[in-house]
Amino acid sequence: KKTGPYGRVVEHLAPLRPLQSNAQALIAFYGDKDTAVEYLLVAPFAPGIFDPEDAGDLSREALNYKGQALDKYTLDGQVLYGMVRDSLLLLSTSDSLLHVAQSVPGRAGVDPRLASLYTTANPDRNATLFIRLGPAANAFPALLQPPSENKLTRFSDWISLDINSQQDYLSFSGIALPEDSIPNYVDLFGDAGPLPLATPSYTPATALGIIAYAVGDYQEFSVRKAAYTGGQAARDSLFHSVEEIGLILDKAGKLVLLNTYGADTLSQYLREQSTGSDNYQEHEIYSFPETSLLTEHIGGLVGDFNAGYFTVLGNALIFAEQKEPLLGLVNHYNLGTTFDKTPMFTSAKKSLADEANLLLVTGDKGFKQLLDGVLGDVVSEDLKKTDLSEYSISAQLVAGGGFYHTTLMLKRLGAESDDRPTAPWYTVQLDAPLATDPHLAINHRNHRKEIVVQDEDNNLYLIGTEGKVLWKKPLGGRIQGRV
């Protein structure tokens, strides 16, 4: 909410404030980094659905654009065009866009991937976002003005995200679809099945966060990573037993974890290359001269990382650039004070799948470390100013059947569950069934939000904040338009 793009979108949508509808509506954004972003809204038409008369400084003009009748609204200095076609209300900031929209029959020209995502949207959620991220995207980069490099454009081609907003959490869940001809980030996981990820159970409880990747068959993963990064696939079998790669954001420095289904070959090679070791709490801490080994093999996932030390815990090999974070990890591991037992992780995990291809769980400080380059410089700086210290931030990707199920979640620490039922505040018995949806209205006398509703006998009710009917007025007919 505190970012520049959010403010620009809200301001751009301000002319839609007079819209009054409980029906499902679609808003599509168009544009690119060199032109203004335009939008088109489509909603089922009903009398009174758009009544800007009392919304502000208004002028209205009837126009004819290429043989099509439309209305031009200038509301507080912003222009909006509107028309009704086939029982649909069309509103747009562009008259040419409105003309094209009403001229296209049915779903002609709709990207088939967008059409397939649309069928998967959950109608019970607050809203659903459909975002074109790939090279053909125009509106999304334009909304991040001023334009700058951001990694999301390579995440996938299309992504749908159902929005679920509640008091203690905000979640986005949906499906990512890659571009067939261009390698995307989600292609790293290909047909690799999701796994129960072990990284949290090795991570110190004091860590800022973790990112864990299930890579499946490492040789196949290496080929997919080379296609995505433009590098070379691994030619040796040194890492063939690696099935999970973890990045640990520790206060003392980054650590990298390789979880294997048999660490003997890799650990033997690493021990042979070691220049010495120290015993710490019954675990050997090895010094390691081949600092670029991990960058060469998994650099696309952990960034620049110069491994100087490593240790072996069970089937996991854990690397650090300096010795201090590795000593801290071993100490927490021996004490059993690990990240998977922290409120940050347990709060997030209750709403996530047990197995995944990618899992990110972090808090305020870890999230801000990871922001650079993800959403562009300006948005990242805006988010860094936001206090998220009371929240866990998580993301999960689960591959299956050519789809990539994606979840992003912001959840207040200590929140019990995303699936908690809504508790009624009060119950009111009316004389007849409801004829209209309840409307919130501000009482000009006490400035409280109260409920206005009409029943099937055309009685109008005002219901107070304690659930009492303050008055009932019989009307001669059904209310039309806004209350």
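Any value given below was found using the heavy atoms of this structure, including those in side chains, with hydrogens, waters and symmetry copies removed.
Checked against the 6.0 Å centroid threshold, Y286 and Y309 do not count as a close aromatic pair. In summary, the aromatic rings of Y404 and F189 are positioned with their centroids too far apart to meet the 6.0 Å limit. Aromatic ring centres of Y218 and F239 lie closer together than 6.0 Å.
D168 and R412 are joined by a salt bridge, as a carboxylate oxygen and a charged side-chain nitrogen come within less than 4.0 angstrom of each other. Residues D111 and R132 are paired through a salt bridge, judged by an N-O separation under 4.0 Å between the basic side chain and the carboxylate. Using a cut-off of 4.0 Å between Lys/Arg side-chain N and Asp/Glu carboxylate O, D364 and K368 are scored as salt-bridged.
Between F155 and Y185, the angle of the ring planes stays under 30°, which puts this pair in the parallel group of the 30/60° scheme.
Put simply, the side chain of F172 does not reach to within 4.5 Å of the side chain of T407, judged on heavy atoms.
Heavy-atom neighbours of E272 CD from other residues, nucleotides or ligands within 6.0 Å: above the threshold of 12. Other residues, nucleotides and ligands contribute more than 12 heavy atoms inside 6.0 Å of the CG atom of N279.
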task = Please lay out, stage by stage, how R113 and D157 fare under the test salt bridge (Lys or Arg N to Asp or Glu O under 4.0 Å).
result = CA-CA 9 Å; R113 281 167 295 185; D157 187 33; 2.9 Å; yes
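Between I393 and L360, the shortest heavy-atom contact is O-CD2, 3.7 Å.
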